[in-house]
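Data first, discussion second: the structure below is written as structure tokens.
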Amino acid sequence: MAIATPQGYRALGETTVAAFLARLPEIRDRLGGEPAAWRVREVGDGNLNLVFLVEGPEGSVCVKQALPYVRLVGESWPLGLERARFEWEALLVEHRLAPGRVPEPLHFDETLYAIVMERLAPHIIMRKGMIAATVYPNFAEQIAEFMANTLYFTSDLGMPAAQKKKLLERFAPNVELCKITEDLIFTDPYMEHERNRWTSPQLDDAARAIREDLPLKQAVALLKLKFLCEAQALVHGDLHTGSIMVTATDTRVIDPEFAFLGPIGFDVGKLMGNLLMSCASQPGHERRPGERADYQAWILRTLQELWNGFEQRFLELWRRHPEGDAFPRAHFLGPEGERALEAARRRYMRQLFEDSLGYAGTSMIRRTLGLAHNADMETIADPDRRAACERRNLALARELIVEARQFADIAAVADRARIVLAG
Ligand code: SR1
Ligand code: MG
């Protein structure tokens with residue numbers, strides 16, 4: 001049965017994109033020449049949408065269109081088109097708060113649920129670069145800056161409460177995409193579910209152990225609760241290495257369609273979990289034992305620089321821009337007040353750290369046992385080698401979730417990862 005869509009909506013194709021863009025004078029100018037000469041390619045390899053790259057004689061753009069269903073699964077899983085509007089609005093906020101770290105937003109079409117934005121070139125999806133063991137020396141600093149800016153200035157530390165509540169009102173209706181996260185990350189992998197899959201039979205015992213692990217399920221339920229009710233800041237909502245495009249020197253964040261007001265640690269942790277998962281996958285890509293050891297070491301250094309850079313910038317913003325209503329300045333006057341406030345800031349960051357470790361662990365488990373896996377592991381052709389990497393990934397993930405409090409700092413996480421993930 002065909003899925004009902006709003007009047008005027010039609011899925012774009014390589015032959016119809018040019019006619020759509022030709023009606024937009026600024027885009028037409030940017031591309032140059034005649035629409036008939038524009039080169040259009042559909043390149044979407046994500047789980048949900050269509051993505052077109054359009055090149056003209058003078059420039060290029062990217063068009064992203066929401067489909068009325070989950071592309072990964074097909075029409076049997078309908079999904080609202082409104083997610084494109086949430087993505088557009090989140091992109092505008094991110095572009096304002098972290099200019100240069102996202103593609104430039106150019107146009108939103110209300111009927112086609114299509115976003116036109118800067119085409120990033122020669123950027124590639126970071127996950128692909130990491131599978132090829134490419135080092136990105138500026139990544140940690142640039143992503144830390146993106147996370148600190150977008151998360152601090154949309155929190156009650158950096159934004160007045162009245163504005164924050166408006167933001168909450170705008171993004172609270174993004175329920176369908178939040179539900180995907182609630183189900184696929186926090187629920188399905190911990191029970192028998194038809195959507196789950198894993199490298200079988202190699203990991204059958206590990207999947208069963210996780211389904212039977214009550215301390216783990218308890219900790220995951222608390223993380224789910226936090227995800228459901230802690231509207232700390234406007235989070236990207238799907239910040240992993242597949243939502244980041246890179247060159248040797250530049251980092252850009254794409255795809256904020258899962259944006260909503262949620263726990264800050266969800267963004268930071270999801271990214272940390274994806275770095276750790278890439279680290280876990282590296283032995284599976286080796287042509288000779290130890291070949292990727294240096295690359296694993298780079299990933300673990302990056303993990304530490306990412307957290308330390310994020311923490312430092314976030315604290316700096318808090319000290320320099322206390323524009324939120326959460327910590328009234330009048331309560332913390334004089335040197336003693338400042339010391340008390342600094343201690344509260346440290347306590348807040350510690351909680352964010354533990355949250356981030358928990359969310360890192362849940363991301364690592366869902367990509368191993370749930371519906372949507374990632375190419376870091378999926379491109380390891382030999383199932384025995386893949387399962388060996390995935391098993392180590394699951395072991396570390398569990399520790400991050402259940403033992404978050406035991407990790408003194410991010411260096412301790414890297415030390416533990418070095419031991420648990422060694423090939
Ligand atoms: C059905 S969508 C599966 C996943 O793709 C996105 O990257 C999100 O992580 C979502 O959970
Ligand atoms: Mg995406």
Side-chain angles (χ1 to χ4, degrees), residues 3 42-52 62-91 94 102-103 113-115 117 120 123-128 174-190 193-198 220 223-224 227-228 235-246 252-260 262-263 266-275 277-278 359-378 397:
I3 296 173
E42 207 280 315
V43 296
D45 64 354
N47 295 327
L48 301 178
N49 307 292
L50 293 171
V51 180
F52 299 92
C62 171
V63 179
K64 179 173 175 185
Q65 186 186 34
L67 286 167
Y69 54 87
V70 174
R71 186 177 184 173
L72 171 72
V73 174
E75 297 198 8
S76 61
W77 187 343
L79 191 64
L81 299 166
E82 278 300 312
R83 66 185 191 274
R85 190 191 310 280
F86 296 117
E87 173 160 351
W88 171 250
E89 295 201 1
L91 186 59
E94 291 173 352
V102 294
Y113 294 88
I115 293 169
M117 63 190 126
L120 299 173
H123 300 67
I124 62 161
I125 293 287
M126 186 177 184
R127 194 188 299 290
K128 290 187 184 152
N174 200 5
V175 286
E176 262 192 301
L177 291 217
C178 285
K179 177 83 166 100
I180 288 179
T181 301
E182 289 149 26
D183 290 345
L184 298 193
I185 298 189
F186 300 114
T187 311
D188 295 0
Y190 305 91
H193 198 289
E194 62 193 12
R195 283 192 292 238
N196 289 340
R197 66 185 179 87
W198 55 81
V220 170
L223 290 162
K224 180 175 181 180
F227 181 87
L228 288 166
V235 297
H236 174 283
D238 200 24
L239 192 56
H240 54 69
T241 51
S243 298
I244 295 174
M245 295 189 73
V246 282
R252 305 285 193 105
V253 175
I254 60 169
D255 277 5
E257 67 202 312
F258 283 79
F260 79 114
F266 186 70
D267 269 3
V268 183
K270 195 178 236 212
L271 187 50
M272 288 181 7
N274 274 262
L275 292 182
M277 205 164 170
S278 166
Y359 288 121
T362 57
S363 298
M364 293 157 79
I365 290 176
R366 68 76 62 107
R367 296 275 183 205
T368 312
L369 303 180
L371 169 76
H373 288 216
N374 60 22
D376 309 68
M377 295 292 187
E378 296 295 286

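When reading the values below, keep in mind they use all heavy atoms of this one structure, side chains included, and skip hydrogens, waters and symmetry mates. Note that the coordinates shown come from a computational prediction; the quantities given were computed from them, not determined experimentally. For ligands, and for the atoms within them, numbers begin at 1 and follow the listed sequence.
Given atom 11 (O) of ligand 1, the protein heavy atom at minimum distance is Arg366 NH2, 2.7 Å. Residue, atom and distance of the protein heavy atom nearest to atom 1 (C) of ligand 1 are Val70 CG1, 3.6 Å. At the top of the distance list for atom 9 (O) of ligand 1, counting protein heavy atoms only, stands Asp238 OD1, 2.8 Å. The protein atom (non-hydrogen) at minimum distance from atom 4 (C) of ligand 1 is Asn47 ND2, 3.4 Å.
Note on Asp255: its N/O/S atom closest to the Mg ion (ligand 2) is OD2.
Taking a cutoff of 4.0 Å between a charged side-chain nitrogen and a carboxylate oxygen, Glu378 and Arg197 qualify as a salt bridge. Salt bridge annotation for Lys128-Asp45: present, with a cationic side-chain nitrogen under 4.0 angstrom from a carboxylate oxygen.
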- request: Show your working on side-chain contact (heavy atoms from CB on, under 4.5 Å) between Arg71 and Leu50 and close with a plain yes or no.
  value: CA-CA 8 Å; Arg71 186 177 184 173; Leu50 293 171; 4.0 Å; yes

- request: List the steps, then state whether side chain to side chain donor-acceptor pair (under 3.5 Å) holds for Glu87 with Asn49.
  value: CA-CA 12 Å; Glu87 173 160 351; Asn49 307 292; 5.0 Å; no

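Of all atoms in ligand 1, numbered sequentially from 1 with element shown, those under 4.0 Å from a heavy atom of His240 are 7 (O).
In Lys270, the part holding a heavy atom less than 4.0 Å from any atom of ligand 1 is the side chain. The part of Arg367 lying near ligand 1 is the side chain, judged by heavy-atom distances below 4.0 Å.
Residue contacts with ligand 1 include Ile180, since one or more of its heavy atoms lies under 4.0 Å from the ligand.
The shortest distance between side-chain heavy atoms of Arg367 and His240 falls below 4.5 Å. Side chains of Leu72 and Trp77 form no contact here, defined as non-hydrogen atoms less than 4.5 Å apart.
Contact between Val102 and Val253 at its shortest, heavy atoms only, is CG1-O, 3.5 Å.
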